[in-house]
Enquirer: 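The structure follows.
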2 protein chains.
Amino acid sequence: MQIQDSYGFLLAKVEEEMEALFTEYLRKLHITAPQFGVLQHIEQYPNASQIQVSEALFIDRTTMVAHVDHLEKIDLIKRVRNPNDRRSFGLTVTEYGVSALKKGRKQLNKTENSVLSVLDQDEKGHLKSILKKVWNSIQEGEHDGKN
Amino acid sequence: MQIQDSYGFLLAKVEEEMEALFTEYLRKLHITAPQFGVLQHIEQYPNASQIQVSEALFIDRTTMVAHVDHLEKIDLIKRVRNPNDRRSFGLTVTEYGVSALKKGRKQLNKTENSVLSVLDQDEKGHLKSILKKVWNSIQEGEHDGKN
DNA sequence: TATTGTTATACTCTATAACTATA
DNA sequence: TATAGTTATAGAGTATAACAATA
């Protein structure tokens, strides 16, 4: 079997293509794909702490510091010290962050449709449900301190 | 929609899990997952040049230098100057490289089956055929000088 | 002039360890 | 003692530019 037919190779290359296209667009917003994910998560769960976002998105907390630093620096989010536990921050999206999210979501749809344009609706549905099934099983099986 | 339900997130996380597990095993062989791919490709196409491997696996040629340097250093492959075109090398797998490949392939199967164990045979087949379909369409659409 | 391989450089993500301030 | 956030550091992949040797 060729390495190009392995699941790992195919997953990696399709993912790379999708991320590369999305990243190219996101340059206009001065953020990367993982940073867009962080931004979207903060909008959905306002006042989440950095650790909470880290655990939800499976991003290391040291990487999260860099993402949050950057998003705050370009005024897409704010850190507000949590008065009930002064070790942590509550993260919130700014007005400017909301408008960036709207643009980003629109483009994410475009990018996904473009990369997967060769698939019909059934195949797209299969792909997503299969990936979610696998990812759920990975999460349930997780017991080490990766994050 | 949550970012955790996007194709990009799911592809990235499932790929990360598969690569992390495989990489953990490959530490015994002192190579990474991309290096295993390079090794396997050289076995299948003996005397391929670095550029040829780069183009087949969509790995940048400057990254390829580092991979080939490493694989040669630990005696899994050899560089032999091509007498017909002295700019390039012919790459071949050593005896030791062949035995590493056997172990690696065995583990790759185990890893894939483990990560995808939640899927039935039909679903595994769907996943692979869908990923190949998408990857083929990406390759055909490629026209820039990424590699 | 073009191509193969190489080097230098820079950026992003990942991961570990150790630190601080707070609990 | 434990947790949230931070800093320092290192490793891996990716990408661009520029160079030498060769075609």
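The figures here come from the full heavy-atom set of this structure, side chains too, leaving out hydrogens, waters and symmetry mates. Below, read A as the first sequence line, B as the second, and so on, with proteins coming before strands; counting in each chain starts at 1.
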Enquirer: Who passes salt bridge (Lys or Arg N to Asp or Glu O under 4.0 Å) against A/Lys103, sequence neighbours left out?
Expert: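 By the salt bridge (Lys or Arg N to Asp or Glu O under 4.0 Å) rule, A/Lys103 matches no residue at all.
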
Enquirer: Which of residues 74-92 of chain B sit near DNA chain D, with a heavy atom under 4.0 Å from it?
Expert: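 DNA chain D contact set from residues 74-92 of chain B: B/Asp85, B/Arg86, B/Arg87.
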
Enquirer: Among residues 32-46 of chain A, which ones have heavy-atom contacts with DNA chain D below 4.0 Å?
Expert: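 Under 4.0 Å from DNA chain D: no residue of residues 32-46 of chain A.
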
Enquirer: What is the distance, to the nearest angstrom, from the CD atom on B/Glu19 to the C1' atom on C/dT14?
Expert: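 Result: 11 Å.
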
Enquirer: At their closest point, which heavy atom of A/Ile138 faces which heavy atom of B/Val14, and how far apart are they?
Expert: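 Reported closest heavy-atom pair: CD1-CA, 4.3 Å.
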
Enquirer: Apply salt bridge (Lys or Arg N to Asp or Glu O under 4.0 Å) to A/Glu15 and list each qualifying residue two or more places apart in sequence or on a separate chain.
Expert: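 So A/Glu15 forms no salt bridge (Lys or Arg N to Asp or Glu O under 4.0 Å) with any residue.
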
Enquirer: Let's see if you can work this out: which of C/dG5, D/dG5, D/dT14 has an atom nearest to the side-chain heavy atoms of B/Ile59?
Expert: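 Of all the options, the side chain of B/Ile59 is nearest to D/dT14.
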
Enquirer: Rounding to a whole Å, what distance do you find between A/Glu15:CD and C/dC13:C1'?
Expert: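 Distance check: A/Glu15 CD to C/dC13 C1' gives 12 Å.
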
Enquirer: How long is the line joining CZ of A/Phe58 and C1' of C/dA15, in whole Å?
Expert: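 Nearest whole value for this atom pair: 17 Å.
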
Enquirer: Who passes salt bridge (Lys or Arg N to Asp or Glu O under 4.0 Å) against A/Glu24, sequence neighbours left out?
Expert: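 Partners of A/Glu24 by the salt bridge (Lys or Arg N to Asp or Glu O under 4.0 Å) criterion come out as none, since no residue qualifies.
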
Enquirer: Do you know the tightest heavy-atom contact between B/Asn47 and B/Gln52?
Expert: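 Closest heavy-atom pair between B/Asn47 and B/Gln52: O-OE1, 4.4 Å.
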
Enquirer: Just compare C/dG5, D/dT14, D/dT6 and give me whichever is closest to any side-chain atom of A/Gln50.
Expert: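 Of the candidates, D/dT6 comes closest.
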
Enquirer: Over how many whole Å does the gap from B/Leu26 atom CG to D/dG11 atom P extend?
Expert: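 Atom CG in B/Leu26 sits about 19 Å away from atom P in D/dG11.
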
Enquirer: Sequence neighbours left out, what passes side chain to side chain donor-acceptor pair (under 3.5 Å) with A/Ser114? Give chain and number order.
Expert: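 Side chain to side chain donor-acceptor pair (under 3.5 Å) list for A/Ser114, sorted by chain: empty.
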
Enquirer: Report which part of the nucleic acid A/Thr62 touches: base, sugar-phosphate, or nothing (heavy-atom distance under 4.0 Å, all strands).
Expert: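 A/Thr62: base contact, heavy atoms under 4.0 Å.
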
Enquirer: Please report the distance, rounded to the nearest Å, between CG in A/Asp60 and P in D/dG11.
Expert: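 Whole-Å distance recorded here is 17 Å.
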
Enquirer: With A/Asp5, which residues qualify under salt bridge (Lys or Arg N to Asp or Glu O under 4.0 Å), at least two apart?
Expert: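 If we apply the salt bridge (Lys or Arg N to Asp or Glu O under 4.0 Å) test to A/Asp5, skipping adjacent residues, the hits are B/Lys132.
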
Enquirer: If a pair satisfies salt bridge (Lys or Arg N to Asp or Glu O under 4.0 Å) and one of its residues is in residues 106-124 of chain A, list it, with sequence neighbours excluded.
Expert: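 Only A/Glu123-B/Lys133 qualify under salt bridge (Lys or Arg N to Asp or Glu O under 4.0 Å).
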
Enquirer: For A/Ile51 and C/dT22, give me the distance from atom CD1 to atom C1', rounded to whole Å.
Expert: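 A/Ile51 atom CD1 is separated from C/dT22 atom C1' by 14 Å.
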
Enquirer: So, using side chain to side chain donor-acceptor pair (under 3.5 Å) as the criterion, who are the partners of B/Arg87 when residues are at least two apart?
Expert: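 Scan of B/Arg87 (side chain to side chain donor-acceptor pair (under 3.5 Å), adjacent residues dropped) gives B/Asp85.
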
Enquirer: Cationic tip of A/Lys128 within the cone over B/Tyr7's six-membered ring, i.e. under 6.0 Å and within 45° of the normal?
Expert: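 Checked: cation-pi criterion met.
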
Enquirer: Once rounded to the nearest 0.5 Å, what's the spacing between atom CE of B/Met1 and atom CD of A/Gln44?
Expert: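 Going from CE on B/Met1 over to CD on A/Gln44, the span is 9.5 Å.
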
Enquirer: Would you mind reporting whether A/Phe89 and A/Val80 have side-chain heavy atoms less than 4.5 Å apart?
Expert: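 They are not in side-chain contact.
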
Enquirer: Enter the inter-axis angle for the ends of the helix from C/dT1-D/dA23 to C/dA23-D/dT1 (five pairs per end, rounded to 10°).
Expert: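 Here the local axes at opposite ends form an angle of 10°.
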
Enquirer: Rounded to whole Å, please give me the gap between CZ in A/Arg61 and P in C/dT16.
Expert: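 My rounded result for the distance is 11 Å.
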
Enquirer: For the side chain of A/Asp69, starting at C-beta, report the closest nucleotide among C/dT4, D/dT7, D/dA4.
Expert: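 Output: D/dT7.
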
Enquirer: Taking any heavy-atom pair under 4.0 Å as a contact, classify B/His67: base, sugar-phosphate, or nothing.
Expert: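 Here B/His67 touches the backbone only, sparing every base.
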
Enquirer: May I ask you to check whether A/Tyr45 and A/Gln40 show a side-chain donor-acceptor distance below 3.5 Å?
Expert: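 Their side chains do not contain a donor-acceptor pair, so the 3.5 Å distance test is not met.
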
Enquirer: Heavy atoms within less than 4.0 Å of DNA chain C: which residues of residues 104-111 of chain B have one? Give them sorted by number.
Expert: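 Contacting residues: none.
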
Enquirer: Is any side-chain N or O of A/Gln52 closer than 4.0 Å to OP1 or OP2 of D/dA4?
Expert: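 No, because none of the side-chain N or O atoms of A/Gln52 sits under 4.0 Å from OP1 or OP2 of D/dA4.
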
Enquirer: Can you list everything that forms a side chain to side chain donor-acceptor pair (under 3.5 Å) with B/Gln4? Sequence neighbours excluded, please.
Expert: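 Result, side chain to side chain donor-acceptor pair (under 3.5 Å) vs B/Gln4: none returned.
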
Enquirer: Mind calculating the distance between CZ (A/Arg27) and P (C/dT12) to the nearest angstrom?
Expert: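 In whole Å, C/dT12 P and A/Arg27 CZ are 11 Å from each other.
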
